[in-house]
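Read the structure below first, then the notes.
Order of the sequence lines sets the chain letters (A, B, ...), proteins ahead of strands, with each chain counted from 1. For the numbers below, each heavy atom of this structure counts, side chains included, while hydrogens, waters and symmetry mates do not.
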There are 2 protein chains.
Amino acid sequence: MDTNRLAAALKALADPTRLKIIALLNTRSCCVCELVPIFGISQPAVSKHMSRLKSAELVVETRKGQWVFYSINRERLKQVCCALENLPDCSHEFEKLAEQGRLVTCE
Amino acid sequence: MDTNRLAAALKALADPTRLKIIALLNTRSCCVCELVPIFGISQPAVSKHMSRLKSAELVVETRKGQWVFYSINRERLKQVCCALENLPDCSHEFEKLAEQGRLVTCE
DNA sequence: CTTGTATATAACCATATAGTTATAATATTA
DNA sequence: TAATATTATAACTATATGGTTATATACAAG
């Protein structure tokens, strides 16, 4: 996963409400109307959070009658963790700097 | 690490520029004047990014003469990964919902 | 077909964010 | 001390974000 994609996924996670939603879904799938009383924010606010998490592929939705159940995408979450633990090598950037004589070699 | 603190740390990481800075520092410590030509943004912009990373304790600074070298705080980054991999248990929230008769038990 | 429940979307608002330029502060060097 | 280089801060701007209310859509049950 390149840094741009990783940053986008982290952005989806980098909000206290969405992060707790992910923690909740890690325990059990649930629907919007269950999340509303937990967070004390409006139903549209919860829907928007779910939409962001869905865009980041961190959750998947399944309609069951009038309810839409959201489940965590553990694969994706694992990918994010792995990407964070295995940051891309950037030596080439330092080589470029060296070529340009911009490398600061201190002491 | 509670979800609020984790969200704050993720926010610091959830930006393409800062994420790449972290990747660069993972290869080698460096100073602001080296980062400026890499990203092609202004020096104050880089300084602000470093300030955010420092606030999140993801980097530490060391002044060496006229330069300020920034190094990655691998411990902290590891903490973030671990926290993401071990999300807090939220069963109590579902128990509360059940008590309130708000749990949606579908099918 | 109408009513009620659940969810999504639209329009809006206040605040946060990532950049800019200008300037101040810190350290080196002549 | 004066001049130069590096970094940080201040003030500003445009855009993104997280919330709101109002409304539309989807499904279930009379």
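Rounded to whole Å, atom P of D:dT17 lies 14 Å from atom CG of A:L10. Distance, A:I41 CD1 to D:dT20 C1': 11 Å, rounded to whole Å. For A:F39 and D:dT20, the CZ to P distance is 13 Å, given to the nearest whole Å. Distance B:Y70 OH to D:dT6 P: 15 Å, rounded to the nearest Å. Here the P atom of nucleotide D:dT25 and the CD atom of A:Q43 are 15 Å apart, to the nearest Å. Look at NE2 on A:H49: it is 8 Å from C1' on D:dG19, rounded to the nearest Å. In this structure, B:D15 places its CG atom 12 Å from C1' of D:dA16, rounding to the nearest Å.
Both A:E61 and A:K11 lie near DNA chain C, and the one whose nearest nucleotide falls closer to the 5' end is A:E61. If you find the closest nucleotide of DNA chain D to A:A14 and to B:K54, the one lying nearer the 5' end belongs to B:K54.
We find that A:E75 and A:K78 are not joined by a salt bridge, their nearest charged nitrogen and carboxylate oxygen being 4.0 Å or further apart. A salt bridge is absent between B:E99 and B:K96; no separation between the charged side-chain nitrogens and carboxylate oxygens falls under 4.0 Å. The pair B:R102-A:E34 does not meet the salt-bridge criterion, since no charged nitrogen lies less than 4.0 angstrom from a carboxylate oxygen.
Heavy atoms of A:S51 sit nowhere under 4.0 angstrom from any nucleic acid atom.
The side chain of A:R18 contributes no N or O atom lying less than 4.0 Å from OP1 or OP2 of D:dT17. Checking the phosphate oxygens (OP1, OP2) of D:dT6, no side-chain nitrogen or oxygen of B:R63 falls inside 4.0 Å.
Side chains of B:Q43 and B:S47: a donor on one and an acceptor on the other come within 3.5 Å.
Nucleotides of DNA chain C lying under 4.0 Å from heavy atoms of chain A occupy a range whose first and last members, 5' to 3', are C:dT5 to C:dT9.
Put simply, the side chain of B:K20 reaches to within 4.5 Å of the side chain of A:E93, judged on heavy atoms. Taking the side chain as every heavy atom from C-beta outward, B:N26 and B:R74 approach each other to under 4.5 Å.
The residue from B:V60, B:V59, B:I72 that alone fulfils the side chain to side chain contact (heavy atoms under 4.5 Å, CB included) condition with B:L53 is B:V59.
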